[in-house]
Number of protein chains: 2
Amino acid sequence: MTFIKEYNFKKTLNTSISCDKCRLGRLCLPDGLNKNQMSKLDKIISRKKPYQRGDYLFRNGDILHSVYAIHSGSIKTYSMQNDGKIQINGFLLSGEIAGLEGIANNCHSVDAVALETTSVCEIPFKQLESLSVEIPKLQHQMFKVLSNEIKHEQTLASLLGRKTAEQRLAAFLLSLSLRFECRNFSANTFNLSMSRSDIANYLGLAVETVSRIITRLSDNKILSVKRKMVSIYDKKKLYQMAGIISQPPNVIRKTGT
Amino acid sequence: MTFIKEYNFKKTLNTSISCDKCRLGRLCLPDGLNKNQMSKLDKIISRKKPYQRGDYLFRNGDILHSVYAIHSGSIKTYSMQNDGKIQINGFLLSGEIAGLEGIANNCHSVDAVALETTSVCEIPFKQLESLSVEIPKLQHQMFKVLSNEIKHEQTLASLLGRKTAEQRLAAFLLSLSLRFECRNFSANTFNLSMSRSDIANYLGLAVETVSRIITRLSDNKILSVKRKMVSIYDKKKLYQMAGIISQPPNVIRKTGT
DNA sequence: CGAGGGATTGAATTCATTCAATTCTTGTGG
DNA sequence: CCACAAGAATTGAATGAATTCAATCCCTCG
């Protein structure tokens with residue numbers, strides 16, 4: 001298994017994590033827990049040496065030992081389709097939890113790989129379950145996190161099903177922008193940790209299409225992308241393009257079917 | 001609120017549900033619970049008068065009071081996009097749980113409407129949470145159900161992102177076939193409870209495209225669809241078309257980005 | 001039995017892809 | 001430190017799959 005760089009050989013640097021002191025606060029799993037509850041959670045979490053770009057957190061088929069909260073950096077998850085092609089399922093930023101899709105069968109169903117130097121809190125799942133029985137609020141948080149992931153995937157599905165290439169890319173960039181803003185990074189200037197072809201794959205587009213749209217958006221002074229660095233100039237316009245209107249249309253609810 | 005047919009006016013027919021006696025068995029939430037645990041679950045579940053075609057289980061924006069296990073029949077869930085268009089998020093059959101995407105914000109984010117006469121087990125969510133603390137196995141089941149839903153949505157996303165119209169429809173029909181089979185219905189002859197335009201919308205296609213593909217599949221003797229009744233003649237071929245090969249290609253794992 | 005929605009079929013159009021060529025970056029070894 | 005190789009990104013032209021528009025057909029239900 002030498003092809004997996006450093007896989008499974010990371011040494012634990014620091015088993016005494018402190019969620020209480022983590023700047024992620026409300027963005028991560030322990031949101032809403034009190035200090036005592038957090039310290040119980042701390043005890044089961046371990047932080048390992050940061051992953052480097054290309055390192056795997058886990059691989060499709062691995063037994064699900066843990067779920068992983070991204071502490072800093074970013075990862076992508078992907079799986080291989082039956083036709084041998086890769087499908088990127090998502091990009092995760094700090095505070096987001098990787099591995100949740102593995103719970104169903106106690107076995108990871110995607111590969112998770114670091115896009116940059118990434119620090120991760122590993123949470124052994126069995127222990128997390130036990131603790132969730134002990135701390136109802138933690139169970140509730142888990143339900144919320146899982147439900148949020150479902151909503152997120154539903155949003156993605158409707159993006160892929162109904163939107164034009166331009167709308168998809170606009171929505172993708174705005175989603176990133178929003179997520180960076182929540183993390184106290186700049187909403188208008190940020191770095192893409194993923195390649196154009198990663199973005200294209202995720203959005204169900206060809207690389208060339210993504211490239212062309214970026215060029216068009218740049219020409220229209222809506223944003224600029226220099227290599228990996230995105231600068232958004234006209235966010236309002238970008239929202240319009242994404243088909244996301246701040247003020248939703250006042251539509252009469254129709255009765256179904 | 002007269003536009004919502006019978007909404008919220010259903011009378012409880014039978015509060016003494018028995019999961020133990022339900023034929024759904026392993027397909028539903030109580031899978032793996034013992035009799036004692038099931039009877040505890042029974043106590044919080046209520047079964048109402050069946051919903052008729054077009055009746056809503058809940059609506060986008062409603063407070064999440066309960067999640068709903070389909071007992072018989074089928075429903076669809078959908079939401080309205082910012083552009084005023086409808087997006088169908090899924091079709092649920094017996095044993096499947098509706099409302100999970102509402103947990104994140106304690107508020108339903110889709111409309112759920114019966115596609116035919118449908119009987120439903122209503123599970124008050126707060127009580128379900130309490131019981132899940134008391135019965136760790138039930139908590140585990142909830143985690144599994146939620147995780148499964150995430151996987152399902154991921155599969156849908158990659159269907160919408162990368163597959164041709166033909167592959168999408170083939171995969172959709174096979175997925176239905178499989179789900180009917182699990183429920184001890186015929187895998188090769190079954191009834192579509194949803195319209196062509198529902199299918200098209202769900203799959204990110206135009207109705208005309210769905211229609212044309214059905215015609216083509218019929219011409220090729222792979223299946224026939226008479227109005228709503230599907231008969232699959234050549235399932236192997238259908239799997240091939242869907243890009244789902246029984247024996248996955250023996251591909252060397254590549255190291256990521 | 002007739003009306004109206006659902007489904008099908010045909011023709012023209014379009015958005016995104018594919019193929020192909022070039023430019024730009026980045027990392028590595030001499 | 002520079003040169004060069006290899007991957008990443010961009011640009012252009014031709015192609016194609018699915019959509020849109022339009023017309024017709026077929027059920028179902030009142």
Side-chain angles (χ1 to χ4, degrees), chain A residues 5 52-54 76 83 85-86 88 115-117 159-173 191-220 223-230 241 243 254-257, chain B residues 52-54 76 83 85-86 88 115-116 159-173 191-220 223-230 241 243 254-257:
Chain A
K5 241 198 301 180
Q52 297 303 311
R53 183 167 189 271
K76 67 177 174 186
D83 56 11
K85 286 178 192 150
I86 289 298
I88 294 183
L115 289 167
E116 59 192 312
T117 303
L159 196 71
L160 296 174
R162 288 253 153 266
K163 308 292 183 131
T164 65
E166 193 172 87
Q167 291 175 314
R168 293 185 211 181
L169 191 67
F172 174 72
L173 292 173
N191 228 54
L192 298 170
S193 57
M194 68 294 289
S195 69
R196 298 283 192 279
S197 75
D198 281 347
I199 297 172
N201 183 300
Y202 177 65
L203 296 176
L205 301 170
V207 202
E208 294 93 327
T209 306
V210 169
S211 200
R212 273 184 257 271
I213 290 169
I214 290 178
T215 305
R216 198 190 314 157
L217 295 180
S218 298
D219 290 348
N220 295 343
L223 50 74
S224 80
V225 186
K226 297 250 158 59
R227 195 64 185 166
K228 299 267 182 201
M229 181 58 72
V230 177
M241 300 184 75
K254 287 177 302 188
T255 156
T257 306
Chain B
Q52 296 304 311
R53 183 166 191 270
K76 67 178 173 185
D83 55 12
K85 285 178 193 150
I86 289 298
I88 293 182
L115 289 167
E116 58 191 312
L159 196 70
L160 296 174
R162 289 254 152 265
K163 306 294 182 127
T164 65
E166 192 171 89
Q167 290 175 316
R168 293 184 210 182
L169 191 66
F172 174 72
L173 293 173
N191 227 54
L192 298 172
S193 57
M194 68 294 289
S195 68
R196 299 281 192 279
S197 76
D198 280 347
I199 297 172
N201 182 300
Y202 178 66
L203 295 175
L205 301 170
V207 201
E208 294 93 328
T209 306
V210 169
S211 199
R212 274 184 255 271
I213 291 169
I214 289 178
T215 305
R216 200 190 313 158
L217 295 180
S218 299
D219 289 349
N220 296 342
L223 50 75
S224 78
V225 186
K226 296 249 159 61
R227 195 68 182 163
K228 300 266 181 200
M229 180 59 72
V230 178
M241 299 184 75
K254 286 178 301 189
T255 159
T257 307

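A, B, ... follow the sequence lines: proteins, then strands. Residue 1 opens every chain.
Regarding A/Lys226, its NZ atom lies at a distance of 14 Å from the P atom of C/dC24, rounded to whole Å. Across the protein-nucleic acid pair, A/Arg196 atom CZ and C/dT26 atom P stand 11 Å apart, rounded to whole Å. Distance CG (A/Leu160) to P (C/dA16): 13 Å, rounded to an integer number of Å. For the pair A/Met229 CE and C/dT26 P, the computed distance is 12 Å after rounding to whole Å. The CD1 atom of A/Ile199 sits 11 Å away from the C1' atom of D/dA9 (whole-angstrom rounding). Remark: P of C/dG6 and CG of B/Leu192 are 15 Å apart, rounded to the nearest angstrom.
One end of the helix from C/dC1-D/dG30 to C/dG30-D/dC1 points its axis 40° away from the other end's axis, with each axis taken from 5 pairs and the angle rounded to 10°.
Heavy atoms only, all atoms of each residue included: B/Met194 and B/Lys228 are closest at O-NZ, 3.2 Å.
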Just the table, please: protein N/O against nucleotides 25-30 of chain D N/O, every pair under 3.5 Å.
none

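Close to C/dA7, at under 4.0 Å from its OP1 or OP2, lies a side-chain N or O of B/Lys228.
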- Assign a letter to each nucleotide of nucleotides 11-20 of chain D from its 5' end: B, base within under 4.0 Å of a protein heavy atom; S, sugar-phosphate only; -, no contact. BBB----SBB
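Considering only residues two or more places apart in sequence or on other chains, A/Glu208 meets the side chain to side chain donor-acceptor pair (under 3.5 Å) condition with none of them. Every residue two or more places apart in sequence or in another chain that forms a side chain to side chain donor-acceptor pair (under 3.5 Å) with A/Ser193 is listed here: A/Ser74. Partners of A/Ser218 by side chain to side chain donor-acceptor pair (under 3.5 Å), not counting sequence neighbours: none found. Scored by the side-chain contact (heavy atoms from CB on, under 4.5 Å) test, B/Ser211 finds no partners at all (sequence neighbours excluded). Under the side chain to side chain donor-acceptor pair (under 3.5 Å) criterion, A/Thr215 pairs with no residue, sequence neighbours left out. The side-chain contact (heavy atoms from CB on, under 4.5 Å) test applied to B/Ser197 returns B/Ser195, B/Val207, not counting sequence neighbours. Take A/Glu166 and apply the salt bridge (charged side-chain N to carboxylate O under 4.0 Å, His left out) test, not counting sequence neighbours, and it matches A/Arg216.
Side-chain N or O atoms of A/Arg53 include none that pairs as donor or acceptor with a backbone N or O of A/Thr117 at under 3.5 Å. For A/Asn201 (side chain) and A/Ile86 (main-chain N/O), a donor-acceptor pair under 3.5 Å exists by modelled atom type.
Rounding to the nearest 0.5 Å gives a distance of 11.0 Å between CD1 of B/Ile213 and CD1 of B/Ile199.
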